[in-house]
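When reading the values below, keep in mind they use all heavy atoms of this one structure, side chains included, and skip hydrogens, waters and symmetry mates. Bear in mind the structure is a predicted one, so any value in this text is a computation, not a measurement.
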Amino acid sequence: MAKTPAQRIKKHGANASVPQHHLPPVVNPTTARTPEKAQGNSNLIVIAGVVASLFLFWYLHLLTLTQMTQLSQDMAMPDSLVGGFDAGYVGRLQGVMNGDALGQLSYVHKTAGTLFPLIFGFTWLLLIGTNVARKALRWALWALPMLFVVVRLWGNVAIDAMMGTPGPDAGQVALASGLTIAGWVLLVLSLLAGAAAVFLNSRTRKEH
């Protein structure tokens with residue numbers, strides 16, 4: 001009967017001949033996850049997110065909210081007013097929009113108005129995260145799309161509450177108008193942050 005490695009060492013000491021055991025080779029080494037593959041997967045997700053964000057922006061602002069002016073005698077929806085609005089404008093808008101039109105605006109806020117900031121925010125977080133290595137700078141740039149998501153979703157709720165209150169209420173108008181302006185500003189700043197992240201990553205690669 002063949003002796004075990006332990007028995008051979010016990011009998012022959014340091015001169016014992018112990019067979020070497022090797023782990024079997026990897027069946028398919030091409031399936032190993034390399035940093036390049038991980039970066040490629042992230043880039044594919046970012047590209048898909050950018051395409052989805054562009055489509056949702058077009059659908060929300062350039063199609064749906066524009067079409068809703070047919071229900072408001074060509075008056076623009078509050079979401080589309082980059083410079084905000086005042087109580088007088090809201091009062092006139094309420095005067096030309098019936099309950100069905102207000103319900104449709106609220107539905108838009110709950111669907112495309114919610115999907116757009118969420119998908120845009122997720123895409124820009126991933127875009128910045130995969131292109132910016134420095135932690136402090138990454139978090140500083142991340143703050144912009146995260147704030148954009150919060151402000152836009154809050155703005156949807158504020159506009160629905162404002163439009164549903166007869167009057168209109170001056171405090172609600174000021175809040176909804178401020179959130180609308182802030183949302184547009186943060187959208188532009190988020191786009192610039194994403195462009196800066198890509199530029200910094202490109203410059204870092206050239207230096208190396």
Side-chain angles (χ1 to χ4, degrees), residues 38-39 41-68 76-85 89-90 93 102-165 168-169 171-201:
Q39 180 70 31
N41 292 337
S42 298
N43 290 338
L44 289 177
I45 297 174
V46 168
I47 292 172
V50 169
V51 172
S53 297
L54 288 173
F55 171 77
L56 285 170
F57 180 87
W58 168 81
Y59 178 79
L60 174 62
H61 289 285
L62 304 180
L63 180 64
T64 306
L65 292 178
T66 300
Q67 288 180 342
M68 286 206 63
M77 295 297 104
D79 314 63
S80 302
L81 300 173
V82 180
F85 41 84
Y89 184 87
V90 174
L93 187 61
L102 293 176
Q104 187 169 339
L105 178 61
S106 179
Y107 177 77
V108 170
H109 287 157
K110 293 175 182 177
T111 52
T114 298
L115 286 175
F116 168 64
L118 288 177
I119 292 178
F120 175 85
F122 170 79
T123 302
W124 251 243
L125 289 177
L126 184 58
L127 172 67
I128 294 169
T130 55
N131 285 280
V132 179
R134 287 190 294 171
K135 187 175 182 180
L137 179 60
R138 185 167 66 242
W139 275 104
L141 296 177
W142 269 348
L144 294 170
M146 288 191 290
L147 282 173
F148 168 75
V149 173
V150 173
V151 168
R152 281 299 297 263
L153 295 179
W154 188 8
N156 289 341
V157 176
I159 290 174
D160 288 338
M162 173 192 71
M163 294 299 294
T165 301
D169 181 85
Q172 288 182 331
V173 172
L175 175 62
S177 179
L179 290 172
T180 299
I181 296 173
W184 283 104
V185 171
L186 286 169
L187 176 60
V188 174
L189 292 178
S190 296
L191 292 172
L192 293 176
V198 174
F199 173 76
L200 290 173
N201 184 41

**Prompt:** Going from CG on L153 to NZ on K110, what distance comes out if it is rounded to the nearest 0.5 angstrom?
**Reply:** 13.5 Å
**Request:** Locate the shortest heavy-atom distance separating L105 from M68; write the atom from each residue and the value.
**Result:** N-CE, 3.6 Å
**Prompt:** For the atom pair CG (L56) and CD1 (I119), what is the distance rounded to the nearest 0.5 Å?
**Reply:** 5.0 Å
**side chain to side chain contact (heavy atoms under 4.5 Å, CB included) partner of L186, chosen from V150, V151, I181** = V151
**Message:** Within this structure, what is the CZ-CG distance for the pair R152 and L147, rounded to the nearest 0.5 Å?
**Reply:** 14.0 Å
**Item:** Closest heavy-atom pair and its distance - L179, A158
**Value:** CD1-CB, 3.9 Å
**Prompt:** In this structure, are over 12 heavy atoms from other groups packed under 6.0 Å from Y59 atom OH?
**Reply:** no
**Request:** Measure across N156 and G113 and return the closest heavy-atom pair with its distance rounded to 0.1 Å.
**Result:** ND2-O, 3.0 Å
**Request:** Tell me, with the steps shown, if V90 and F85 meet side chain to side chain contact (heavy atoms under 4.5 Å, CB included).
**Result:** CA-CA 7 Å; V90 174; F85 41 84; 3.6 Å; yes
**Asked** Taking it one step at a time, do W124 and L144 satisfy side chain to side chain contact (heavy atoms under 4.5 Å, CB included)?
**Response** CA-CA 9 Å; W124 251 243; L144 294 170; over 6 Å; no
**Prompt:** Just how far is it from atom CG of L115 to atom CG of L60, taken to the nearest 0.5 Å?
**Reply:** 10.0 Å
**Asked** Can you tell me if OH on Y89 sees more than 12 non-hydrogen neighbours from other groups inside 6.0 Å?
**Response** yes
**Request:** Using modelled atom types only, decide if a donor and an acceptor are shared between the side chain of S177 and the backbone of V173 within a distance under 3.5 Å.
**Result:** no
**Asked** Going through the checks in order, is the side chain to side chain contact (heavy atoms under 4.5 Å, CB included) test met by W139 and V132?
**Response** CA-CA 9 Å; W139 275 104; V132 179; over 6 Å; no
**Asked** Counting distance only, does the side-chain N/O of R138 pair as donor-acceptor with the main-chain N or O of G129 below 3.5 Å?
**Response** no
**Request:** Report the distance from atom CZ of F122 to atom CD1 of I45, rounding to the nearest 0.5 Å.
**Result:** 6.0 Å
**Request:** Mind telling me whether H61 and F116 have parallel, tilted or perpendicular rings, with 30° and 60° as the class edges?
**Result:** perpendicular
**Message:** Please find the pair of heavy atoms, one from G194 and one from L127, that lie closest to each other, and give the distance.
**Reply:** CA-CD2, 3.8 Å
**Request:** Search all heavy atoms of P117 against all heavy atoms of A112 and return the closest pair with its distance.
**Result:** CD-O, 4.3 Å
**Request:** Using atom types as modelled and distance alone, determine if a side-chain donor or acceptor of W184 lies under 3.5 Å from a backbone N or O of D79.
**Result:** yes
**Request:** For the residue pair L175 and W154, establish whether any side-chain heavy-atom pair is separated by less than 4.5 Å.
**Result:** yes
**Asked** Distance from Q172 atom CD to I159 atom CD1, nearest 0.5 Å?
**Response** 12.0 Å
**Item:** Closest contact, heavy atoms only, P78 versus M163
**Value:** CG-SD, 4.3 Å
**Prompt:** Is there a donor-acceptor pair under 3.5 Å between the side chain of T114 and the backbone N or O of H109?
**Reply:** yes
**Message:** Using the rule given for side chain to side chain contact (heavy atoms under 4.5 Å, CB included), can you reason through L200 versus L137, listing the C-alpha separation, both sets of side-chain angles and the distance that settles it, and then say yes or no?
**Reply:** CA-CA 11 Å; L200 290 173; L137 179 60; 3.6 Å; yes
